[in-house]
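Worksheet for the structure shown next.
Whatever order the structure lists them in is the order used to number ligands and atoms, beginning at 1. Heavy-atom basis, side chains included; hydrogens, waters and symmetry copies ignored. Just so you know, residue 1 is the first one in the sequence shown, and it goes up from there.
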Amino acid sequence: MAIGGTMLGKLGEKLRKSIKKLAKMPIVDEKVVKEVIKDLQRALIQADVNVKLVFKLSKSIEKRALKEEPPKGITPKEHVIKIVYEELTKLLGKKSYKLKIDKKPYKILFVGLQGSGKTTTVAKLAHYLRLKGYNSAVVCTDTWRTAAYDQLKQLTEEINVPMYGDPNEDNPIRLAKEGLNKFKNYDVILFDTAGRHKNEKELLDEMEMLSKEINPDEIILVIDGTIGQQAKSQAKAFSERVKIGSIIVTKLDGSAKGGGALSAVSEVGAPIKFIGTGEKIDDLEEFDPARFMSRLLGMGDIKSLIEKFERVVEEEDKISETVDTMLSGKFTLKDLKTQFETMKKMGPLKQILNMLPLAGNIPKNFSKITEDKIKKYCVIMDSMTEEELENPRIIKYSRVKRIARGAGVRNEDVRELLRYYKTTKKALKGFERRKLGGPIQSILKQIMR
Ligand SMILES: Nc1nc2c(ncn2[C@@H]2O[C@H](COP(=O)(O)OP(=O)(O)OP(=O)(O)O)[C@@H](O)[C@H]2O)c(=O)[nH]1
């Protein structure tokens, strides 16, 4: 499911809007920073993010945006975008934590209130684990809700995962013991539990007893994302009685309060390892705060953009030299080849372009070329001689024919590449270095590297 679509839809939209606004500002000063912070505050509070957290975030953004110097090669605007992104990400946790199956059987105890999506999540995780190559089995210990057994049975049958339970048994401990014994040769055993009891205390008592009996390798708390920041007190109640190892927040699809739930749960101390994004069996996603935020912000992969910026800074001198050569008109097919090879290494061109918040400013010649073309052109250049690459002017008809044959393409393809080269060279000549604005220059540098 696309986050940009329904999931936390409104929050994402609003955050995107304020970042776009920032990206459009001619300069970034205190007034602009404050305005952006106001927008962010409004969006976050509407998504039920705790006011204190929002306040903390505002302070850090303001302080960093106004005090920190942007690194060389990065414009103040890009710098502020990066700070906003980093601070928003921090709301969701410091890093990503993966589920590690490091012994056999790996026992997972699921806890959570009724309706949180626990049973569905157990099945989703069993399915996820199977795709990762682990064979897992499921035990139903819920003796309170009679439909729980049937629901789990149906879900596990659909995915062909063995399940143990007994609708006539009223002792969850006995069910857990039996299940443990039955599935001890499996890679992973998932224990589903009750979500309802006479009262909350007794539910927690039962979880504690089950935990003692099963001695799980990990206890996963399942929390309904639609409850917003209340998720924190719920998580706390459970963690006071059993050792919560990780959390899964469900129903983030279409929940306006998802941001509140995620940020609140991040404060509890146990990492969010997965999120539930729908009712279907594969609507379970590994949770990575940085990736999640960059997707939510809908600006392509900001994380990789930032890493690239870091490389830009490191390679500033080297790039500067290359750009100088290109802009001075000494642009050979060899330079074009280097440029293509970098593009190939950096991933699909489309992706690179999407990563740039200001992609609209890229000269047409650069954005028009497709990945397939790049591949083809590289093959063609591979069958050229060093001399031809250095001095493309010598490539006349007989050479075109030889190159085409060598590369297994039509003569017309070779001529097309030569035309592309000429246009690019001309376009580069048209740029006067001093006329290039900051961001355009760094984009050009990225592309030309
Ligand atoms: N939209 C959406 N619905 C979900 C998600 N996860 C679970 N649900 C739905 O939430 C409802 C409750 O889920 P269950 O798995 O039955 O809840 P439970 O926590 O196991 O309830 P107990 O068995 O009583 O503890 C079901 O209708 C699920 O389909 C999710 O990520 N997104």
>> For Leu113, state whether at least one heavy atom is located under 4.0 Å from any atom of ligand 1.
In response: yes

> Out of curiosity, is Gly112 lining ligand 1, as in a heavy atom under 4.0 Å away?
Replying inline: no

Where ligand 1 meets [X] - atom numbers and elements under 4.0 angstrom, heavy-atom basis:
X: Gly276; answer: 31 (O)
X: Ser116; answer: 19 (O)
X: Asp253; answer: 1 (N), 2 (C), 30 (C), 31 (O), 32 (N)
X: Gly195; answer: 25 (O)
X: Lys124; answer: 6 (N), 30 (C), 31 (O)
X: Thr277; answer: 31 (O)

Separation between [atom1] of [X] and [atom2] of [Y], rounded to the nearest 0.5 Å:
X: Asp224; Y: Leu252; atom1: CG; atom2: CG; result: 9.0 Å
X: Lys251; Y: Asp253; atom1: NZ; atom2: CG; result: 9.5 Å
X: Ile374; Y: Leu417; atom1: CD1; atom2: CG; result: 11.5 Å

> Picking from Val111, Ile108, Ile247, what satisfies side-chain contact (heavy atoms from CB on, under 4.5 Å) with Ile219?
Replying inline: Val111

>> Determine whether a donor-acceptor pair (N or O, by modelled atom type, separation under 3.5 Å) exists between the side chain of Lys107 and the backbone of Ile214.
In response: yes

> Does Thr141 use its side chain to pair, donor to acceptor, with the backbone of Asp192 at less than 3.5 Å?
Replying inline: yes

>> How far is atom 18 (P) of ligand 1 from the closest protein heavy atom, and which atom is that?
In response: Lys118 N, 3.4 Å

> Among all protein non-hydrogen atoms, which one is nearest to atom 10 (O) of ligand 1, and what is the separation to 0.1 Å?
Replying inline: Lys251 CE, 3.3 Å

Has ligand 1 got any nitrogen or oxygen that is less than 3.5 angstrom from a nitrogen or oxygen of [X]?
X: Gly115; value: yes
X: Thr121; value: no
X: Thr120; value: yes
X: Thr119; value: yes

>> Once salt bridge (Lys or Arg N to Asp or Glu O under 4.0 Å) is applied, do any residues pair with Asp382, and if so which ones, sequence neighbours excluded?
In response: Lys337

> Heavy atoms only: which of Ala147, Gly278, Gly117 is nearest to atom 30 (C) of ligand 1?
Replying inline: Gly278

>> Tell me the nearest of Arg145, Gln151, Glu279, Glu285 to atom 22 (P) of ligand 1, using heavy-atom distances.
In response: Arg145

>> Is the positively charged end of Lys124 above the ring of Tyr128, judged by distance under 6.0 angstrom from the centroid and angle within 45° of the axis?
In response: no

> For residues 227-240, which residue pairs qualify under salt bridge (charged side-chain N to carboxylate O under 4.0 Å, His left out), counting only residues two or more places apart or in two chains?
Replying inline: Lys232-Glu267

> Would Lys376 and Val379 satisfy side-chain contact (heavy atoms from CB on, under 4.5 Å), going step by step from the backbone distance to the final call?
Replying inline: CA-CA 5 Å; Lys376 194 191 219 170; Val379 172; 5.8 Å; no

